[in-house]
Amino acid sequence: MNHPVTEADVEEFRAEVRAWLAENVPAEPLPPWTEREGFDLHRAWEGRLFEGGYAAVDWPAEYGGRDAGLRRSMAFAEEYYRAGAPERINMGGLYLLGPVLMQYGTPEQCARWIPDLLACRTIWCQGFSEPGSGSDLASLRTRAERDGDHFVVNGQKIWTSMGGFADWIFALVRTDPEAGRKRKHDGITFLCIDLRSPGVEVRPLAMVDGTRGFAEVFFTDVRVPVENVVGEIDRGWAVAMSTLGFERGAVFGDHAKFSNDVADLAALVDARDLGEDTHALDELGRVLVQTEVYRANVYRLAARAEAGGELDSTASINKVFWTQMQHDIFDTGIRLLAEDGAAVGDPGSLPDADPATLRAWSQWHHRYWYARAAMIFGGTNEIQRNIISERVLGLPMEPRR
Amino acid sequence: MNHPVTEADVEEFRAEVRAWLAENVPAEPLPPWTEREGFDLHRAWEGRLFEGGYAAVDWPAEYGGRDAGLRRSMAFAEEYYRAGAPERINMGGLYLLGPVLMQYGTPEQCARWIPDLLACRTIWCQGFSEPGSGSDLASLRTRAERDGDHFVVNGQKIWTSMGGFADWIFALVRTDPEAGRKRKHDGITFLCIDLRSPGVEVRPLAMVDGTRGFAEVFFTDVRVPVENVVGEIDRGWAVAMSTLGFERGAVFGDHAKFSNDVADLAALVDARDLGEDTHALDELGRVLVQTEVYRANVYRLAARAEAGGELDSTASINKVFWTQMQHDIFDTGIRLLAEDGAAVGDPGSLPDADPATLRAWSQWHHRYWYARAAMIFGGTNEIQRNIISERVLGLPMEPRR
Amino acid sequence: MTLHDTLDQDRRELVELTDDLLGRHCDLDFLRARIDDGTAHTPGLWSRLAETGLVSALVAEEQGGAGLSPAHLSGVLHSLGRHAVPEPYLETAVLAATVLGALPGPVADTWLPRIAAGDAIVVVRLGELTPLVPYAADADLLLDLADDGAVRAFTADELEVTPVAALDPLRPLARVVLAGAGTEVGDDSAVVARTRTLALAGAACLLAGASQRLLDLTVEYVAVREQFGRPVGSFQAVKHKAADLAVMVDMATAAALSAFDAVDEPDGPRRAAAAKAYAGDAAARANVDALQLHGGIGFTWEYHLHIWLKRAMGLAASYGTTTALRRDLARELLARVAGERRG
Amino acid sequence: MTLHDTLDQDRRELVELTDDLLGRHCDLDFLRARIDDGTAHTPGLWSRLAETGLVSALVAEEQGGAGLSPAHLSGVLHSLGRHAVPEPYLETAVLAATVLGALPGPVADTWLPRIAAGDAIVVVRLGELTPLVPYAADADLLLDLADDGAVRAFTADELEVTPVAALDPLRPLARVVLAGAGTEVGDDSAVVARTRTLALAGAACLLAGASQRLLDLTVEYVAVREQFGRPVGSFQAVKHKAADLAVMVDMATAAALSAFDAVDEPDGPRRAAAAKAYAGDAAARANVDALQLHGGIGFTWEYHLHIWLKRAMGLAASYGTTTALRRDLARELLARVAGERRG
């Protein structure tokens, strides 16, 4: 953001993006990425985005981005969602690992990992959560013991997204248990691990709806070169925390996704002939209002970020809001079309719907469960409320035993 | 409950009550008891109830009751509410103090206080809360120091209902501060105090809507005879706790009151021509469902009480439910008639309503605020949730610093 | 308040018997096997229910049953909900048995003994309450109850049954087209109305049981799961959420059981509709809170929470939604009040 | 996120000026005196607002104002809400000034200078949005804006004004009957539509400010009030309730301010309606939670919470209720989506 971005710059970029998307977005939606076939198609799409120069428009040009700045990046996201383009499958790599490498990585690490990441030749997953440490992330127990110029890793990670298809994992491991006993955030290291290494076992994790978007990863005496450490050994907590703001906050532009979801809901209400039911109107209006409010907030945060302000204090507010809104959108759909609520997605319940609406309906339940999951992952909404009450409102900490 | 009460007994009693009420309930509703004129009229009505033998039908005959047992008492309450009879103003005396005296009082105390209480010649108020001790009742600081055969009382009570019109107060006072420092529930005494004693000052407390249903009571060197202690000196906590179940639980039969409130709400919906608005129907239906559920619970609790079961564990559940329900009823009315929500009660907003509906509307806001207050008084709903989670669900206590 | 406290001695024993049976023969392994092989109803479990006399409870003695009144079964239904039993008990043993018991004739004579013996699955179609018919694909016979009182029976070969992808795989649903002529069973609008009331109240009992299980699983989990060095269930925000849920589940249980007991009271229909509507609310709350309080593990297929999450959602959407029932109740109240006030 | 963070430098300074003025001249004692003597609007406070230039901000320079665009005033309105200012600022300084500024002619020439000088109270009637007109009893002039674009002005002697018992005594309401002929001001449906948008967005800003004050009062109180030997605000259930409220209030503020700034954008009307609808929701939540977290003291007349409780309730019911606005928005969306999908 060295030169000021004008409204005209944004609109010019928007027009360029829109034209490219109009030409390139697949006419038929891709099959879900949770199965191999769909995943490969999504990966191919990411390659096409990369070739078009749109893999990460907000990234600095030196790393292969477009230096688009915030407002053009938002315009990109808005156009992307409006065009109905495929779901992005490498967000973890692009928005969690990428910024970490740019900030903490060595030039060698950046050169080694970033180009493949950007082109989606390498899929990365996040290895933070463990079965025993969810909200209390720092209580993690996966061990990495030094052996010459390697670490030997033993332990288990869970909730690694795209885990079943990922090539690499960026994980938090405990390298100094002694230090951790005094202060649990100490003695943790941020380590990148090739999932093809001997001793790694990846087990796709079936979810409540039978899909497998996450995985568990088991490490048994996995040897990892020391040069795969990002940042300082034993100081990985700060490295990891620098990613969490992104996970909690919106990736700017996602308001357009939620507006799409509400448009889908409106189409369902229409297909079910509920357009004159005042209750249905109230409920549809309720979630529509939420998306408008959310959009206003995204623009506010963007203005603040452009002015160089920090967003940490608002990331929790934003996360509680959008996860609740997303839940409300999909829950409302289930409740309003509830005569067949026991068979959500069944095309027989919407005999006159157009294909796009039927497609939305067929995915409704899956999206409902993922909306529920969003209230847990990336710091449960309970943790966010602790943060808001203490850091934003200044209320006292709870006593500890 | 020595002999089993049959269905026929209940219906016979119900018919008797109904006939009496039909003949005696004032044709026009009494003015609010929060002003002196209305209070005196309510008091006169209580006298009439007493003469009819209906002041406390559930009380034992030896204390002037009718030994009606649970089911006949419920029938009485149902008929009372259905007849639109005046609000009872001596519930604190009848349902809090009365049972305490029967259980803990000396024969002299019973003879001295119960007859006037029952006839409403004496109005009693409860003196438990203090400005510094609400939820944490046992932290009370009103002192009573022994001086021969008297206690000398200094301190302040708040939220004494009917406080502005009451003759006597039954209060918790600290008689052994030393014991209280070790265990705050110790060293507390249950003491009856004549409000005409020198050194007592009663200040009616104006509420958010300007009415004065509560008072603050200040004690400055008030001399109270030791014989006014109920139960043992320094052991008043247990005496007081024996009353709280009643306050939390329903006085059996109040479900009929809430059904009346919902009927008022239906009349308002009708008067506003919202009978075909599906949103209004949903909202009206929601509170109607709650009252039906509540009635089922009251009957379940009654069956359990008749079988000799204890109700303590359910009193908190019942209280959270009915206070929320009562709030929802009045809040729904305000929201549904909200074009004039800023002038709730204004007859001009319901030009075609019948007199009973207009009367309900004119009182709506007042009742709304009292419904809100019910969620605080008698143990806040937050305290009730602590009790439910620990005593009903068995979840662990929170750590104390 | 436990279910135990809500019931009298007789019914308590029946519930204990049911719980015991289901604990042995309808455990998690059994349910998982049913999901894996895509069959909810199995002759094996159905026979066990029949052998204990639960299936024939409402059938008259002369037709091989125990001749009990429905009120005996409210606790049993609650137990079936708690165990997520994948069988058409409400449909066959309660609704069909009641309809046929009330409409004597050749159809009843043929089918009631079969029901009592556990040899037949009979399901019911109840107008707008069943746009999708539970267990229709397993049915030997379907009773179609029209609002005007006409009751006709259709054997399996007289039906076109199209299964749909039910959210709850342990409670299959199908669209049904009556393809054959069927047989007249009777014509009695009181019987149809009573069956409707039984369906609502019975579904409320099942639903309250499923919600109770969601609450129980959640309380067990948060009491054990530790984060930040203490049980999650010792955090006040978690405790209060559980407490609010407990209020709803307990009240839903009170309303459901009492409504089922009161089917023949004058206000029975209203109480049944209110109980089902509220049970649907409580189930929705149980669904949201149970999953949120479990955290990630609740989303896994491996953990069993989802069995009850889906049961609760499916039942809430069956036999009348909360929204539809509320509207009906509100309309009825409006008519009553308007009548009174306008004289 | 504070209001401060939401605004740019210019507007921040205007808000600081307003806060400072109101802190000195519209404090609790002042508000209590207004309640006690039954007068909301006073020439004294209005003059002070006028002297600082706040009343004339939108009036053109040649008519004695500053000629600012409305966007400058969003933060000022938020401040007026936080201070529960009992004056028709939105009505006179924003709406009436805008209408008259857009419709030049004799009425504008007469009244705009008076508004700018603080010498006239002018209120607006906006069809269904104002079944009751705020401050009508204090008005020297009323502008009646019809949906078709006709704008007429009525002097006080041409109006029958019947005050009603407004819930919020500091924001008086009245039923108004147009008794005289009035004077034509203009005929421009775009002006009427823009005024409607300004009214919604402006009310949203006032409301967000009132909700912010309820949150602030609550946080201050629970941080200090002790029970069980620790601040009530250290209990997690209290903290989480406050956090949830903070989310709503903060988002309401973001939406309200941005909607007010965007009145002239193509989607301005939608954003204003959404902002007002959400601000109403947030205010309802603030009302419930602020009082519950205060406990008993919040119910007393002596404590000042009720001033903002009533302000929040009154504003939420004014200039379009959440329910009505949601319905309009949903209808508009349905029409849009149906058009797109059906081609």
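What's counted below: heavy atoms across the whole structure, side chains too, no hydrogens, waters or symmetry copies.
- The closest side-chain heavy-atom distance from B/D346 to D/R175 is below 4.5 Å.
- At a threshold of 4.0 Å, the pair B/D277-D/R327 counts as salt-bridged, since one of the basic side-chain nitrogens sits closer than that to a carboxylate oxygen.
- Side chains of D/R225 and B/S135 form no contact here, defined as non-hydrogen atoms less than 4.5 Å apart.
- D/T323 touches chain B through its side chain: at least one heavy atom from C-beta onward sits under 4.5 Å away, while N, CA, C and O do not.
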Q: Kindly indicate, with the supporting measurements, whether the criterion side chain to side chain donor-acceptor pair (under 3.5 Å) is fulfilled by B/E382 and D/Q292.
A: CA-CA 9 Å; B/E382 282 70 30; D/Q292 184 70 21; 2.9 Å; yes
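- Rounding to the nearest 0.5 Å places CD of D/Q227 at 6.0 Å from OG of B/S139.
- The heavy-atom pair separating D/F299 from B/W369 by the smallest distance is CE2-O, 3.6 Å.
- From B/N386, atom CG reaches atom CZ of D/F228 across 7.5 Å, with rounding to the nearest 0.5 Å.
- For a residue to count as touching a neighbouring chain, one of its non-hydrogen atoms must lie under 4.5 Å from one of that chain's; by this rule D/L309 touches chain B with the side chain only.
- Closest of all the heavy-atom pairs between B/A343 and D/L132 is CB-CD1, 3.8 Å.
- Side chains of D/K310 and B/H365 form no contact here, defined as non-hydrogen atoms less than 4.5 Å apart.
- Put simply, the side chain of D/W301 does not reach to within 4.5 Å of the side chain of B/R212, judged on heavy atoms.
- Put simply, the side chain of B/R335 does not reach to within 4.5 Å of the side chain of D/T322, judged on heavy atoms.
- Closest approach of D/V288 to B/R372, counting heavy atoms only: CA-NH2, 3.2 Å.
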(Q) Let's go through B/W159 and D/T300 carefully: what are the C-alpha distance in whole Å and the side-chain angles of both, what is the deciding distance for side chain to side chain contact (heavy atoms under 4.5 Å, CB included) to 0.1 Å, and is it a yes or a no? (A) CA-CA 10 Å; B/W159 306 122; D/T300 61; 3.3 Å; yes
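- For a residue to count as touching a neighbouring chain, one of its non-hydrogen atoms must lie under 4.5 Å from one of that chain's; by this rule D/V232 does not touch chain B.
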